[in-house]
Number of protein chains: 2
Amino acid sequence: MNINRTSERRLYQQVADQIRGLIQKGHFEVGSRLPAERDLAQQLGVSRPSLREALIALEIDGTVEIRMGSGIYVAAAVERRTLSQAATGESAVELMEARATVEAAVIGLAGARFTPATLRGLRMTLEAMRADIEEGRKPLGHDRQFHLAIAAQSGNSVIVRLVGELFDERHSPISSQFRARFDTPATWRHALAEHEAILAALEARDVPLAQMRMHAHLEESKRRWIESEPR
Amino acid sequence: MNINRTSERRLYQQVADQIRGLIQKGHFEVGSRLPAERDLAQQLGVSRPSLREALIALEIDGTVEIRMGSGIYVAAAVERRTLSQAATGESAVELMEARATVEAAVIGLAGARFTPATLRGLRMTLEAMRADIEEGRKPLGHDRQFHLAIAAQSGNSVIVRLVGELFDERHSPISSQFRARFDTPATWRHALAEHEAILAALEARDVPLAQMRMHAHLEESKRRWIESEPR
DNA sequence: CTGAAAAATTGGCTTGACCACTTTGAACGG
DNA sequence: CCGTTCAAAGTGGTCAAGCCAATTTTTCAG
C-alpha cells in the first residue's frame with residue numbers, strides 16, 4: 001500500500017484521498033471507528049505526523065470525526081455522499097456543466113461589446129496568469145479575473161455576480177478537495193492555453209467560436225477533474 | 001505569545017485562528033511571506049508539527065499558500081459576496097436579461113431530453129396556470145413550476161438551483177414593488193401565451209425555436225416591466 | 001558583467017518519545 | 001449475583017531532533 005513519493009501533490013493530500021476512497025468503497029462503515037493512528041499510518045505506509053495532517057484535512061471537510069482518547073470515526077455527514085456514490089464528484093461535474101452552459105451563453109450576450117481596451121486587459125490578465133504558473137504561484141486569482149472580466153462585458157451585474165458565485169463554489173467546504181486534486185502546474189497550463197484560445201476568438205471577433213471554446217474549456221476542466229479522481 | 005495548553009480546542013485550531021487574526025490585523029501583508037516554519041513555530045510557542053497542522057487548515061480554507069522550498073504566503077483574499085448583498089446596484093431589468101440569457105441556454109442543454117411524459121407535465125402546469133388566472137388566483141407558483149420543470153430536464157441540479165434563485169429574486173425586498181405593478185390579469189395572460197408558445201416549440205422538437213421563445217418571453221417580461229414604470 | 005556552481009534557506013517527511021484523555025475490565029464490596 | 005471503583009491499557013495530542021528535497025541566495029570563475 002505504498003504511495004508515490006515523487007508526485008507533485010503533497011503527501012497528506014494523497015493520504016486523505018486514499019482514506020476517502022476506502023470509506024466510499026465500504027472498507028469502513030459509516031459511524032465505525034478507523035484503526036488507531038499508529039496502525040493506520042503503518043498500513044498506509046506513511047509516518048504518523050503525515051497521517052495526522054491527512055486526518056485534519058478529512059476532519060475539516062467533514063469526512064471524519066476525531067475524538068480525543070477514543071478514536072477516529074467515519075462522520076455521519078458522509079452518508080449523503082455514500083448514497084449517491086461520490087456525490088461530491090458528481091456535484092462538481094454538475095457545477096462545471098452549469099458553468100459551461102452559462103458562460104458560453106454570456107459570451108453571446110457580451111458579444112459585440114468587446115473593445116480593444118478590454119481585449120488588452122484580458123491579455124494582460126493571461127500574461128499575469130502565465131507568470132503565476134512559471135513562478136510557482138497559484139493562478140487562481142487571475143483565472144477568476146479572466147472569467148469575470150468576460151462576464152463584465154455583458155454590462156449586466158447580475159450575470160457578473162452569477163459567474164463569480166459559480167466560480168467560487170469550487171472552493172466551498174464541500175469541494176475543498178477540488179483544489180487539492182486539481183491544482184497542479186500541468187492542469188493550470190492546460191487552462192491557460194484554453195483561455196488563450198478563447199481570447200484569440202474574441203480578438204478575431206468570432207463570437208460563436210469564442211462561445212464554443214469557452215464551453216470546451218469548462219468541459220475540459222470537468223474532464224480533468226474526473227480523470228484525476230482517485231480510484 | 002503562549003497558548004493555553006489546557007483548552008478543549010485542539011492546538012492546531014488555536015494556532016490557525018491566531019495566524020488568521022494576525023493576517024486580518026495587518027501584521028502580515030497580503031502576498032507577503034510569513035516567517036519560516038521553524039521560526040513561526042517558536043514565535044507562537046508550539047512545535048513545528050503542530051504549526052504544520054495549523055498551516056494545512058489555513059491552506060485548505062485558502063488563507064495561505066504554501067510553496068515548497070520557498071515559503072508560506074498570505075493568499076490573495078477572495079472576497080466572497082453574500083447573497084444578501086446581491087441586489088445592490090442590480091436592477092430588475094438586469095435580472096430579467098440574465099434570466100433570458102441563462103434560461104435560453106438551459107433549454108439548449110435540456111434539448112433532446114424532453115419526453116412525452118415531461119411535456120404532458122408541462123402542459124398540465126400551464127392548464128393550472130390558466131385556471132389560476134381565470135379564477136382570480138395568482139399564477140406565480142405555476143409560473144415558477146414551469147420554468148423549473150424545464151430547467152430540471154437538464155438533469156443538472158446546479159442549474160435547477162440557479163434558475164430557481166433567479167426566479168425568486170424578483171420577490172426580494174428590493175423588487176417588492178415588482179409584483180404590485182406587474183401582477184395584473186393582462187400581463188399574466190401574456191405570460192401564459194408565451195409559455196404556451198415555448199411548450200409548442202418543445203412539442204415540435206424544435207429546440208432553437210424554443211430557445212428563442214424563452215428568450216423572447218423574458219425580454220417581453222422586462223419590457224412590460226419597463227413600460228409599466230411610473231414616469 | 002554574466003553565468004554556473006556552491007551554500008544557505010525553507011518546506012516535506014520520518015522516527016521516537018512522552019503526556020492527557022477515554023475506555024475497559026478485573027477486583028472489590030454490597 | 002450485581003453494581004461500583006479504580007487501575008491498566010488503548011488512543012489521540014504534542015513535542016523534539018534530524019534528514020531529505022526543492023528553492024533561493026550567494027559566491028566566484030570566466
Side-chain angles (χ1 to χ4, degrees), chain A residues 1-19 28 31-60 63-75 131-138 180 183-186 188, chain B residues 1-19 28 31-60 63-75:
Chain A
M1 244 200 195
N2 269 340
I3 291 185
N4 178 11
R5 199 69 55 81
T6 62
S7 163
E8 285 189 354
R9 307 191 46 240
R10 315 240 314 261
L11 184 55
Y12 85 83
Q13 297 171 330
Q14 302 179 49
V15 173
D17 286 343
Q18 202 168 345
I19 295 175
F28 300 118
S32 72
R33 206 186 66 184
L34 268 56
E37 287 187 355
R38 292 162 179 80
D39 301 336
L40 195 52
Q42 193 172 12
Q43 289 179 33
L44 298 177
V46 300
S47 71
R48 207 178 143 213
S50 293
L51 172 67
R52 281 181 58 78
E53 293 184 353
L55 289 178
I56 284 173
L58 293 174
E59 187 182 34
I60 288 176
T63 302
V64 131
E65 179 185 337
I66 300 177
R67 278 179 272 197
M68 183 170 51
S70 175
I72 309 155
Y73 298 83
V74 180
D132 286 338
I133 295 172
E134 287 178 356
E135 292 163 27
R137 291 188 301 272
K138 300 185 188 305
D183 183 10
T184 73
W188 280 123
Chain B
M1 250 199 193
N2 269 339
I3 290 186
N4 179 12
R5 196 69 56 78
T6 61
S7 166
E8 287 192 358
R9 286 170 54 73
R10 315 231 321 256
L11 185 55
Y12 85 84
Q13 296 170 330
Q14 302 178 49
V15 173
D17 288 343
Q18 201 168 344
I19 295 176
F28 299 119
S32 71
R33 206 186 69 184
L34 269 56
E37 287 188 353
R38 293 161 178 79
D39 301 335
L40 194 52
Q42 193 173 11
Q43 288 179 33
L44 298 177
V46 299
S47 72
R48 209 178 142 210
S50 294
L51 172 67
R52 280 181 58 79
E53 292 184 355
L55 289 178
I56 284 172
L58 292 173
E59 187 183 34
I60 289 176
T63 303
V64 132
E65 180 184 333
I66 299 176
R67 282 180 244 164
M68 183 169 49
S70 176
I72 308 154
Y73 298 82
V74 179

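Hydrogens, waters and symmetry mates play no part in the numbers below; they use all other heavy atoms, side chains included.
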From CE of Met68(B) across to P of dT23(D) the rounded distance in Å is 6 Å

Rounded to whole Å, the CD-C1' distance (Glu65(B) to dT10(C)) equals 15 Å

From CD of Glu37(B) across to C1' of dT9(C) the rounded distance in Å is 12 Å

Verdict with supporting geometry, Tyr12(A) and Glu59(B), side-chain contact (heavy atoms from CB on, under 4.5 Å)
CA-CA 12 Å; Tyr12(A) 85 83; Glu59(B) 187 183 34; 2.8 Å; yes

Exercise for review: Determine: side-chain N/O of Arg10(B) to OP1/OP2 of dG12(D), distance under 4.0 Å, yes or no.
Suggested key: no

With a 4.0 Å cut-off on N to O distance, would you call Arg137(A) and Glu65(B) a salt bridge? no

Sorted by position of nearest nucleotide on DNA chain D, 5' first, the leading residue of Glu135(A) and Tyr12(B) is Tyr12(B)

Open item on the list: I want to check one thing: is the phosphate of dG13(D), taken as OP1 and OP2, less than 4.0 Å away from some side-chain N or O of Arg52(A)?
Closed with: yes

Taken to the nearest whole Å, CD/Glu53(B) to P/dT14(C) is 14 Å

Between CD1 of Ile66(B) and P of dC13(C) the distance, given in whole Å, is 10 Å

Walking DNA chain C from its 5' end, the first of Arg67(B) and Pro49(A) to be reached, judged by nearest nucleotide, is Arg67(B)

| task | Side-chain contact test, heavy atoms from C-beta onward, threshold under 4.5 Å: evaluate it for Ile66(A) versus Arg10(B) and give yes or no. | result | yes

Separation of dG11(C) atom P from Glu59(B) atom CD, nearest Å, is 12 Å

Is it true that atom CD of Glu37(A) has more than 12 heavy atoms of other residues, nucleotides or ligands lying nearer than 6.0 Å? yes

Whole-Å distance, Leu11(A) CG to dT14(C) C1', equals 10 Å

dG12(C) OP1/OP2 closer than 4.0 Å to side-chain N/O of Ser50(A)
no

- Do any side-chain nitrogens or oxygens of Ser70(A) fall under 4.0 Å of OP1 or OP2 in dT22(C)? no

N/O (side chain, Arg48(B)) to phosphate O (OP1/OP2, dC13(C)) under 4.0 Å
no

From CD of Gln14(A) across to P of dC13(C) the rounded distance in Å is 8 Å

Contact between Ile19(B) and Thr63(B) at the side-chain level, heavy atoms closer than 4.5 Å - yes or no? no

Establish, with yes or no, whether the OP1 or OP2 oxygen of dA17(D) is under 4.0 angstrom from a side-chain nitrogen or oxygen of Arg38(B).
no

